[in-house]
Protein chains: 2
Amino acid sequence: MPRGHCRGQWWWRGRVYGCGYRLTAGREAILGLLSTSKEHMSAEDIYMKIHTAYSNVGLTTVYRTLELLSDLGMICKLDFGDGRARYELAEGVQGVRHHHHLVCTGCNRVVEYTDFIDKEVELLKETEKGLEEKYHFKITGHVIQFSGLCDRCSCK
Amino acid sequence: MPRGHCRGQWWWRGRVYGCGYRLTAGREAILGLLSTSKEHMSAEDIYMKIHTAYSNVGLTTVYRTLELLSDLGMICKLDFGDGRARYELAEGVQGVRHHHHLVCTGCNRVVEYTDFIDKEVELLKETEKGLEEKYHFKITGHVIQFSGLCDRCSCK
DNA sequence: ATTAGTAATGGAAACCATTTTCAATAAGGA
DNA sequence: TCCTTATTGAAAATGGTTTCCATTACTAAT
């Protein structure tokens, strides 16, 4: 499937409708925002941005939509340790590459890195397989995240 | 330093006092509990257990102590995604080995695994070094965690 | 010991991200 | 159109964690 066909509302519509849900204006706005923004936004961030254009979309709906899209595997919920969840498009959607995060504990800046990913993925696969066999788990996800101080914060 | 000398209040006392803090009964109780228990306890779990013997130790103090010990690097704060933080002795303390966690998203059971750790550590070190150079971070920690369904939960 | 200064404490209240409740509305199928 | 079900927003509830504040416990100096 050529990547060019994987973008925009048509792709989402199929996936959302295909699962028996409706693609309402609010849901579409949230998907649109997530797919164009590079930041990792919290529910409130999203609510704020959406609210300017769609003043009738409430915070509750944002939370509900994020949960739904997360359940459908279209977005990922992230935890950078600052007490609020962040969201990003899931791997594969709109050409999102496998990547991990590097978080500054000083200013909460997040770097999305893809360096060393090949080796990581290789080890990941191996480890997953081993763990599944040894502990009889069906592994569905993983978190790999580094934390530390960015250059600006470590100078202080 | 032989491992036998690294256990109990004397070891803690030195480390806590050495940083200019006092080793109060509450703090000692919490350290004692964490060093003998195998579970990953939440602040409330700890409060409950401590409270039976030291009924004068409040939940606030438990939270404060956990933060302190975490800052001192004696314990680690963990997040298994159920909305409450868990704690365990830090790597190196009382012979705690480097390990990672495998979490069941069905029942929240946690498996502490050390399999594949050597390879992981190797990759980890390499990745850390690379990330530090490329992004000018001083890396201080990492999270590697797998999630999935355990055998009991995947049968349902 | 006594004192003075600081660290540590607990209970209550505040905080704040997220969920739940509930009544109203919108959308799709018959 | 009517009917059933999905979706919604506002307000209230939830629940883990922090903050406030007045009190108590240490420790070092006198």
Side-chain angles (χ1 to χ4, degrees), chain A residues 9 12-31 40-72 74-87 105 108, chain B residues 9 12-31 40-72 74-87 105 108:
Chain A
Q9 47 196 323
W12 306 330
R13 183 172 291 272
R15 186 124 169 201
V16 172
Y17 269 79
C19 293
Y21 298 100
R22 299 173 189 166
L23 188 60
T24 59
R27 289 177 181 173
E28 199 154 0
I30 291 172
L31 272 165
H40 299 94
M41 286 177 292
S42 68
E44 181 134 25
D45 292 337
I46 293 169
Y47 169 69
M48 294 302 226
K49 298 215 174 184
I50 295 285
H51 203 258
T52 62
Y54 302 81
S55 61
N56 52 332
V57 173
L59 183 55
T60 309
T61 294
V62 173
Y63 273 106
R64 273 189 291 230
T65 301
L66 290 171
E67 190 187 1
L68 174 68
L69 297 177
S70 194
D71 287 347
L72 295 184
M74 299 172 73
I75 65 174
C76 281
K77 191 176 183 176
L78 307 170
D79 172 29
F80 296 145
D82 66 341
R84 69 189 60 194
R86 313 266 163 173
Y87 300 85
T105 53
N108 288 321
Chain B
Q9 45 197 324
W12 306 330
R13 184 173 290 273
R15 187 125 169 200
V16 172
Y17 269 79
C19 292
Y21 298 100
R22 300 173 189 165
L23 188 59
T24 60
R27 289 177 180 173
E28 200 155 359
I30 292 172
L31 272 165
H40 298 95
M41 286 177 291
S42 67
E44 182 135 25
D45 292 337
I46 293 169
Y47 170 69
M48 296 300 227
K49 298 216 174 186
I50 295 285
H51 203 259
T52 61
Y54 302 81
S55 61
N56 50 332
V57 173
L59 183 57
T60 308
T61 295
V62 172
Y63 273 106
R64 273 189 292 230
T65 300
L66 291 171
E67 191 187 0
L68 175 67
L69 297 176
S70 194
D71 287 347
L72 294 184
M74 299 171 73
I75 65 174
C76 282
K77 191 176 183 177
L78 307 170
D79 171 28
F80 296 145
D82 66 342
R84 69 189 61 192
R86 313 267 165 172
Y87 299 85
T105 52
N108 289 321

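Below, read A as the first sequence line, B as the second, and so on, with proteins coming before strands; counting in each chain starts at 1. What's counted below: heavy atoms across the whole structure, side chains too, no hydrogens, waters or symmetry copies.
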Measure from [atom1] on [X] to [atom2] on [N] and round the result to the nearest Å.
X: A:Asp71; N: C:dT19; atom1: CG; atom2: P; value: 11 Å
X: B:Asp82; N: C:dT19; atom1: CG; atom2: C1'; value: 16 Å
X: B:His51; N: C:dG11; atom1: NE2; atom2: P; value: 7 Å
X: B:Lys77; N: D:dG16; atom1: NZ; atom2: P; value: 14 Å
X: B:Ile46; N: D:dT17; atom1: CD1; atom2: C1'; value: 14 Å
X: A:Asp79; N: C:dT18; atom1: CG; atom2: C1'; value: 14 Å
X: A:Arg84; N: D:dT17; atom1: CZ; atom2: C1'; value: 14 Å
X: B:Glu67; N: D:dT18; atom1: CD; atom2: C1'; value: 9 Å

- Task: For A:Tyr47, report the nucleic acid contact type (base, sugar-phosphate, nothing); a contact means any heavy atom under 4.0 Å.
- Result: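 Answer is nothing: A:Tyr47 stays at 4.0 Å or more from every strand.
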Any chance you could measure [X], atom [atom1], to [Y], atom [atom2], to the nearest 0.5 Å?
X: B:Ile46; Y: B:Leu66; atom1: CD1; atom2: CG; answer: 4.5 Å
X: B:Tyr47; Y: B:Thr60; atom1: OH; atom2: OG1; answer: 9.0 Å
X: A:Arg15; Y: A:Leu31; atom1: CZ; atom2: CG; answer: 10.0 Å
X: A:Leu69; Y: A:Tyr21; atom1: CG; atom2: OH; answer: 10.5 Å

- Query: For nucleotides 3-8 of chain D, read 5' to 3', which letter fits each nucleotide if B means a protein heavy atom sits under 4.0 Å from the base, S means only the sugar-phosphate is that close, and - means neither?
  - Reply: --BSSB
- Contacts of type side chain to side chain donor-acceptor pair (under 3.5 Å), residue A:Asp82, not counting sequence neighbours: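 Only A:Arg86 meet the side chain to side chain donor-acceptor pair (under 3.5 Å) criterion with A:Asp82.
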- Message: Below the 4.0 Å mark, does C:dT18 have OP1 or OP2 next to a side-chain nitrogen or oxygen of A:Tyr63?
- Response: yes
- Do any side-chain nitrogens or oxygens of B:Tyr17 fall under 4.0 Å of OP1 or OP2 in D:dT27?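 Affirmative; the distance criterion is met.
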- Partner set under side-chain contact (heavy atoms from CB on, under 4.5 Å) for B:Thr24, not counting sequence neighbours: B:Arg22, B:Arg27
- Item | Side chain of B:Leu59 - closest among C:dG11, D:dT17, D:dA11 |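 Side chain of B:Leu59 sits closest to D:dT17.
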- Is the B:Phe80 to B:His40 ring centre distance short of 6.0 Å? yes
